[in-house]
Number of protein chains: 2
Amino acid sequence: MLTIGKLGEAAGVKVPTIRYYEQIGLLPEPDRSAGNQRLYGQSALDRLAFIRHARELGFPLDAIRDLLSLSDRPDQSCAAADVIARAQLAEVESRLARLTALKGELERMVVQCAGGRIADCRVIEVLGDHSLCATDHQHPESEAAS
Amino acid sequence: MLTIGKLGEAAGVKVPTIRYYEQIGLLPEPDRSAGNQRLYGQSALDRLAFIRHARELGFPLDAIRDLLSLSDRPDQSCAAADVIARAQLAEVESRLARLTALKGELERMVVQCAGGRIADCRVIEVLGDHSLCATDHQHPESEAAS
DNA sequence: CCTAAGGTCTCTAGTAGCTATAGCTTCAAG
DNA sequence: CTTGAAGCTATAGCTACTAGAGACCTTAGG
Ligand SMILES: [Zn+2]
Ligand SMILES: [Zn+2]
Ligand SMILES: [Zn+2]
Ligand SMILES: [Zn+2]
């Protein structure tokens, strides 16, 4: 049996994050010690490791929730799981395309700036006028930082 | 003079977003009509277009705040602006590297899945065990969606 | 001149995925 | 038995918005 701290250490997840996952129903409520502290077994560790790895691969918690409930039914078809993974792949690919365009524009502007006064700064100039850009680089970004 | 709706239309920014920018001090408080409605001039439009473009390029609002205050002092050196742009470029490059690794792992797992039962699903299997991954793909993601 | 539609006003709360703080209790080592 | 670390709950904060409620302003048609 693991305390929440040991569990977090073992899975590489911070303690408040574990409590948050429990709160949103991603982890089941564990047994408690006589003094009301959470006690976890191997299955909780497996589940948490699964969540962590899926998060590292960028899956949103909603998708992870679906993947977990699928993995609880080992005899069913994995088609739904594959759909979720392919959707995530598509999401990553679209972000990659966008970031590649952004990288190009940012490189252009830092390279073109000769480094004088603000009035002549290519960075400021380009930011104020998209027609100076070489690509379209629409906005849709995604995902949050750790 | 533009109403907030016209300004938003002209700059490609939604009305509540404009009010939000004003609230956090990114846009100055504009004059009001007799009936208390906001009225904007050309300078507000320029400033909002600048913000929008910088957002499209992924700059966080804090960086945009700094860039705007720099652009208000045209005679100073643009070194600080260039530093901000290069930091943004570095951020984009690091996200690109990470997303490229993620894309590789996701492709591997969807390709390797033969599509049978959950118990044999490569997607579920890999999500539960990072040692099946080919790369390290640490977590740090960034930025939010539009 | 009046009315109806649509734009605008303020304020509040919600989104994702946590992180941080406060003030308390429990546990384990010495 | 004491002390300090770790745990508990509850609440608020983070980014950058978005959505809603309910009231007010503006303007074009009749
Ligand atoms: Zn410059
Ligand atoms: Zn542009
Ligand atoms: Zn499968
Ligand atoms: Zn992995």
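Reminder, nothing fancy here: chain letters follow the sequence lines and each chain counts from 1.
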Original post:
Can you tell which of D/dT18, C/dC18, C/dT8 lies closest to the side chain of B/Tyr20?
Top reply: D/dT18
**OP:** Mind calculating the distance between CD (B/Glu29) and C1' (C/dT8) to the nearest angstrom?
**Re:** 16 Å
**OP:** Take atom CZ of A/Phe59 and atom C1' of C/dG17, then tell me their distance rounded to the nearest Å.
**Re:** 17 Å
Original post:
Does OP1 or OP2 of C/dG17 have a side-chain N or O of A/Thr17 closer than 4.0 Å?
Top reply: no
Subject >> Distance in angstrom units between B/Glu22 CD and C/dT8 C1', rounded >> reply: 13 Å
Original post:
Start at the 5' end of DNA chain D and walk down; is the nucleotide closest to B/Ile51 or to A/Gly5 reached first?
Top reply: A/Gly5
**OP:** Would you mind reading off the distance between A/Leu48 atom CG and C/dG17 atom P, rounded to a whole angstrom?
**Re:** 15 Å
Original post:
A/Thr3 side chain N/O closer than 4.0 Å to the phosphate oxygens (OP1, OP2) of D/dA6?
Top reply: no
Original post:
When the distance from CD1 of B/Ile24 to P of D/dT15 is rounded to whole Å, what number comes out?
Top reply: 9 Å
Original post:
Does C/dT10 have OP1 or OP2 sitting under 4.0 Å from an N or O in the side chain of B/Arg32?
Top reply: yes
Original post:
What's the spacing between B/Ile24 CD1 and B/Asp62 CG if we round to 0.5 Å?
Top reply: 8.0 Å
**OP:** Could you check A/Arg19 against A/Glu22 for salt bridge (charged side-chain N to carboxylate O under 4.0 Å, His left out), going step by step and ending with a plain yes or no?
**Re:** CA-CA 5 Å; A/Arg19 288 196 278 247; A/Glu22 178 184 328; over 6 Å; no
**OP:** First locate atom CG of A/Leu68, then atom CZ of A/Arg73, and finally report the distance between them rounded to the nearest 0.5 Å.
**Re:** 10.5 Å
Original post:
Counting just side-chain N and O atoms, does B/Lys14 come under 4.0 Å of either OP1 or OP2 of D/dT18?
Top reply: yes
Original post:
Hey, mind stepping through B/Gln37 and B/Thr3 against side chain to side chain donor-acceptor pair (under 3.5 Å) and telling me if it holds?
Top reply: CA-CA 7 Å; B/Gln37 301 195 347; B/Thr3 62; over 6 Å; no
Original post:
Would you say D/dG7 has OP1 or OP2 under 4.0 Å from some side-chain N or O of A/Arg38?
Top reply: no
**OP:** Whole angstrom is fine here: how far is it from CG in B/Leu61 over to C1' in D/dC14?
**Re:** 13 Å
Original post:
Out of D/dC8, C/dC9, D/dC17, which nucleotide sits closest to the side chain of B/Gln37?
Top reply: C/dC9
Original post:
More 5' along DNA chain D: A/Asn36 or B/Pro16, using each one's nearest nucleotide?
Top reply: A/Asn36
Original post:
Contact class for B/Arg19 (heavy atom, under 4.0 Å): base, sugar-phosphate, or nothing?
Top reply: base
Subject >> Whole-Å gap separating P (C/dG14) and CG (A/Asp62) >> reply: 17 Å
Subject >> Min side-chain heavy-atom separation B/Gln88-B/Pro60 under 4.5 Å >> reply: yes
Original post:
Between D/dA16, C/dC18, D/dT26, which one does the side chain of B/Ser33 approach most closely?
Top reply: D/dT26
**OP:** Taking only the side-chain nitrogens and oxygens of B/Tyr21, find out if one of them lies under 4.0 Å from OP1 or OP2 of D/dC17.
**Re:** yes
Original post:
Which of these nucleotides, D/dG7, C/dC9, D/dT9, is closest to any side-chain atom of A/Val15?
Top reply: D/dG7
Original post:
Is the side chain of B/Thr17 donor-acceptor paired with the backbone N or O of B/Val13 at a distance under 3.5 Å, no angle test?
Top reply: no
Subject >> Euclidean distance, atom NZ of residue B/Lys6 to atom P of C/dT8 [Å, nearest integer] >> reply: 8 Å
